[in-house]
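Remarks on the structure that follows.
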Amino acid sequence: MSWSVLRLLRENPEVVRESLRKRGMDPGLADRARMLDEEWRRLKRLVDEIRHRHNVLSRQIARARDPEERRRLIEEVRALLREREELEAKLREVEEERRRVLLSLPNIVHPSVPVGDSEEYNQPVRYWGRPRVYREYLQAFLEQTERYGFKVPYELIDWKPVGHADMLEKVLRLGDTLKAAEVAGSRFYYLFEDLVWLDFALLLYAIDRLTAKGYRLVLPPYMIRHRILMGVIDMETFKDAIYKIEGEDLYLIATAEHPLAGLYSNEEIMEDELPIKLVGISPCFRKEAGAGNRDLKGIFRVHQFHKVEQYVYAKPEESWDILEELIRNAEELVQGLGLPYRVVNVASGELGAPAAKKYDLEVWMPAQARYREIVSASNTTDWQSYRLNIRLVRRKGMVREYVHTLNSTAIASTRTITAILENFQEPDGVVVIPKVLRRYLEPFERAPKEAIYPAKGLQPKKGQK
RNA sequence: GCCGGGGUGCCCGAGCGGUCCAAGGGGCCGGCCUGGAGAGCCGGUCCCCGCACAGGGGGCGCGGGUUCAAAUCCCGCCCCCGGCGCCA
């Protein structure tokens, strides 16, 4: 049983180098890893040999009846022990370094991933829906569609759509990021009334559809240990995204993906149990440390939101089909809402270390005149399962391997809300609620049903003028 | 949080300083047997090094320590069970 990256490193290191190059990383990392691995194997052989001699002597001591001989053997072992100590120290050192370097290696980039160091190189694979395009934004729209050779039908409008942030705070007055900033900091928000119902309706919609497809519904821990976290993400993400609980070995999850991956850590999974399809629901907490001033307005990029997540444990030979299934599931949900979108194959330089390939689903935002990410689906192959020690046991000859794992957003609450606020607003400021959500609002007396209406007076919140 | 009991391979479970391989089951895999299946019998079934064979090393919740020798003794941490306390 071995990790695919380690196996390649030994058998075909050029593939690893090439993959690193595609990611814009130093291919020398592969050579360094390989050298360390070889050095480790060399030292291990030496140490094992000396340990063997030690064991042989120890057994002789155990059998020795004569106290004189016993004393002599113990002396001999003591001398050997000093030698062993020294070599073992060296081995520990190399072993630790090897481990560190191996764990820093990103997944191998899949051949179908477009090569490039920025999202400019993301490759649109399909478009769906009929975006509303404000007259003055037509050029921008065409640059995001026809430039890639896609003829996308659109509806030209001559009234300027209001951005989601202003919809939230000025038109509907059902969100307050200023007060939230005072109370918690920037990138936090208060949502009120109809938008809270909408948030929960979106989540229910997603779990309803996915459980209907046979995905097992899970409510996971919202905090996890360091050990698990390091099994699912790389250092980069750790620094940028993760909140730590002070004085405890606990971290707030940035997505349900993390605890869902942990669910089978150190487990063996029989091949006929696979695929295991899960749908998790949780809040997500993100520092957004690397975001700078991007998307400071509104609730597009925030420190907390709700998300329904798909997570699958799969056999290696089926994982690529399942990646397609996951992105299709997400598309069905977004189609159901009626939001126009495109799917892009994310460029190599923009892939996270865990992913071999990633699709983003980007929804058209009429007020920003841009397609923006609301869903992300990755095949992490055996990158996470190696770290979390999640094995696959084959029936045939009981061979062991690592399972493949995949993750994908189903619905992320705040981003989907921003998309709804921009796409389904009417010129008079009314926001039409997607029909598919209505059954999840129906049972509640005070929940909105058809639409969300602009604030009339000045009273949505006490003290606001 | 306190007191007591406990964490052993995929699962159950014995071992509680050396007599080498972590006993014995179960499940699973392979083989024999069978027209086929079952039963039965034989073998395999933690990880690593070794192309392979032979062989070897490590591993008994995690991390340290004592010893020539640790699953077994000592220390710290984590988790599970029972009781008490506290508490949504």
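Throughout, protein chains are lettered first and strands after them, A, B, ... in sequence-line order, and every chain is numbered starting at 1.
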Suppose we call two aromatic rings close when their centres sit under 6.0 Å apart. Are A:Phe285 and A:Tyr222 close by that rule? no
Side-chain atoms of A:Arg51 come closest, of B:C10, B:G56, B:G58, to B:G58
Subject >> Rounded P spacing from B:C60 to B:U72 in Å >> reply: 8 Å
Examine the side chains of A:Thr255 and A:Lys307 and answer whether a donor and an acceptor come within less than 3.5 Å of each other. yes
Winner on side-chain proximity to A:His54, out of B:G58, B:G56, B:C68, is B:C68
Separation of B:C10 atom C1' from A:Arg395 atom CZ, nearest Å, is 11 Å
Notebook entry, point to check: Counting just side-chain N and O atoms, does A:Arg41 come under 4.0 Å of either OP1 or OP2 of B:G50?
Noted result: yes
Scanning all shown strands, the Watson-Crick or wobble mate of B:G43 with both distances under 3.5 Å is B:C29
Of the candidates B:A69, B:C28, B:G57, the side chain of A:Asp48 sits closest to B:G57
| request: Considering only NZ, NE, NH1 and NH2 on the basic side and carboxylate oxygens on the acidic side, decide whether A:Glu273 and A:Arg216 come within less than 4.0 Å. | output: no
Exercise. Taking the inter-plane angle between the rings of A:Phe192 and A:Tyr190 on a 0 to 90° scale, is it parallel (under 30°), tilted (30 to 60°) or perpendicular (over 60°)?
Worked result: parallel
note: A:His52, atom NE2; B:C20, atom P; distance rounded to Å ~ 16 Å
From CD of A:Glu95 across to P of B:C49 the rounded distance in Å is 11 Å
Rounded to whole Å, the CG-P distance (A:Leu46 to B:G56) equals 18 Å
Of B:C79, B:G18, B:G50, the nucleotide closest to the side chain of A:Arg45 is B:G50
(request) With heavy atoms under 4.0 Å as the rule, sort A:Leu81 into base, sugar-phosphate or nothing. (result) sugar-phosphate
Would A:Glu450 and A:Arg438 pass as an ion pair if we require N to O under 4.0 Å?
yes
For B:C2, the nucleotide meeting Watson-Crick or G-U wobble distances (both under 3.5 Å) is B:G83
Describe the nucleic acid contact of A:Arg394 in one word from base, sugar-phosphate, nothing, applying a heavy-atom distance below 4.0 Å.
-> nothing
Margin query: For the C1' atoms, the ones on B:C20 and on B:G57, what distance do you get once it is rounded to whole angstrom?
Written below: 14 Å
key: Rounded distance in Å between the C1' positions of B:C21 and B:G58   = 14 Å
- Message: Considering every strand and a 4.0 Å limit on heavy-atom distances, what is the contact class for A:Arg10: base, sugar-phosphate, or nothing?
- Response: sugar-phosphate
note: A:Lys44, atom NZ; B:C48, atom P; distance rounded to Å ~ 10 Å
Subject >> Spacing of the C1' atoms in B:C32 and B:A23 (rounded, Å) >> reply: 27 Å
Residue pair A:Val56/A:Val77 against RNA chain B: nearer the 5' end by closest nucleotide is A:Val56
Here the distance between atom P of B:C49 and atom CG of A:Leu6, to the nearest Å, is 8 Å
- Please confirm whether A:Arg415 makes a cation-pi placement over A:Phe300, using NZ or CZ under 6.0 Å from the six-membered ring centre and within 45° of the ring normal. yes
- Message: For a quick check of understanding: with a heavy-atom distance under 4.0 Å over all strands, which category does A:Arg59 fall into, base, sugar-phosphate or nothing?
- Response: base
- Query: Expressed in whole Å, how much space separates the C1' atoms belonging to B:C2 and B:C12?
  - Reply: 32 Å
Requested in this report: Take the angle between the ring planes of A:His303 and A:Phe188 and call it parallel below 30°, perpendicular above 60°, tilted in between.
Outcome: tilted
Per nearest nucleotide of RNA chain B, the residue lying toward the 5' end, A:Arg84 or A:Ala62, is A:Ala62
(Q) Say we look at B:U8 and B:C62: how far apart would their P atoms be, to the nearest angstrom? (A) 10 Å
Practice task
Check whether any side-chain N or O of A:Asn55 sits under 4.0 Å from OP1 or OP2 of B:G58, and answer yes or no.
Solution key: yes
From CZ of A:Arg82 across to P of B:U67 the rounded distance in Å is 14 Å
Closest of B:A69, B:G57, B:C28 to the A:Met270 side chain is B:C28
By the Watson-Crick or G-U definition, both distances under 3.5 Å, B:G38 is matched with none
Whole-Å distance, A:Arg227 CZ to B:C79 P, equals 11 Å
| message | For a quick check under 3.5 Å, do A:Tyr251 and A:His258 share a side-chain donor-acceptor pair by atom type? | response | no
In Watson-Crick or G-U wobble terms, with both distances under 3.5 Å, the base opposite B:A71 is none
As its Watson-Crick or G-U partner within any shown strand, both distances under 3.5 Å, B:C53 has none
#### Entry: B:G27 and B:G83, which share atom name P, separated by this distance in whole Å
34 Å
Problem - Nearest-Å distance once atom P is located in both B:C84 and B:C16 - result: 34 Å
